[in-house]
Amino acid sequence: MKQFEEEAIPIILGLCAKNVSVNLKNTPLIDKNGIDSLIKISNITNRYNGKTVVCDVNNNIKDIIVNNDLYDYCFKSKTERSSVGVFNV
């Protein structure tokens, strides 16, 4: 996730992206650093009055995300396609 943060944050800032969808379908495990990265991204999108959505969360990391209160910072969506509804696009 550190590499993800290092690559994603400059793009988000460069585009002044309001809405970001993070697909975790192929993410086998997430640690505290990964949670912190997602929170940083959420804080950035909040600056632009936007939203960060975490989607396609697999069963392996679902409990980790819930136990670390990530959904206090990010919205959740079953799929990327349904993220559009969260963004009200």
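- When each of I9, I11, L15 is checked for a side-chain contact (heavy atoms from CB on, under 4.5 Å) with L13, only I9 meets the rule.
- Here the side chains of V53 and F87 are in contact, with some heavy-atom distance below 4.5 Å.
- Partners of S42 by side-chain hydrogen bond (donor to acceptor under 3.5 Å, both in side chains), not counting sequence neighbours: none found.
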List the atom pairs, donor and acceptor, that lie under 3.5 Å between side-chain atoms in residues 64-71 and the rest of the protein, sequence neighbours left out.
| from | atom 1 | to | atom 2 | distance (Å) |
| --- | --- | --- | --- | --- |
| N67 | ND2 | D63 | O | 3.2 |
| N68 | ND2 | I64 | O | 2.8 |

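- Residues satisfying the side chain to side chain contact (heavy atoms under 4.5 Å, CB included) test with K18, not counting sequence neighbours, are Y48.
- Going from atom OG of S21 over to atom CZ of R81 covers 12.5 Å, rounded to the nearest 0.5 Å.
- For K51, the NZ atom counts as densely surrounded, since its 6.0 Å shell holds more than 12 non-hydrogen atoms of other residues, nucleotides or ligands.
- The two residues I41 and T52 make their nearest non-hydrogen contact at O-OG1, 3.6 Å.
- The distance from atom CG of N43 to atom CG of L38, rounded to the nearest 0.5 Å, is 11.0 Å.
- Under the 3.5 Å distance criterion, the side-chain polar atoms of N46 are left unmatched by any main-chain donor or acceptor of N49.
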* Report the C-alpha distance between I35 and I30 in whole Å, list the side-chain angles of each, state the deciding distance to 0.1 Å, and finish with yes or no for side chain to side chain contact (heavy atoms under 4.5 Å, CB included). => CA-CA 7 Å; I35 297 292; I30 191 168; 4.0 Å; yes
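- For the side chain to side chain contact (heavy atoms under 4.5 Å, CB included) test, residues two or more places apart in sequence or in another chain that qualify with N23 are K25, C55, D56, E80.
- Residues meeting the side-chain hydrogen bond (donor to acceptor under 3.5 Å, both in side chains) test with S82, sequence neighbours left out: S77, T79.
- Among residues at least two apart or in separate chains, salt bridge (Lys or Arg N to Asp or Glu O under 4.0 Å) pairs with a member in residues 33-45 are E5-K40, K32-D36.
- The two residues A17 and V20 have their closest heavy-atom pair at CB-CG2, 4.4 Å.
- To the nearest 0.5 Å, atoms CG (L24) and CD1 (I61) are separated by 4.5 Å.
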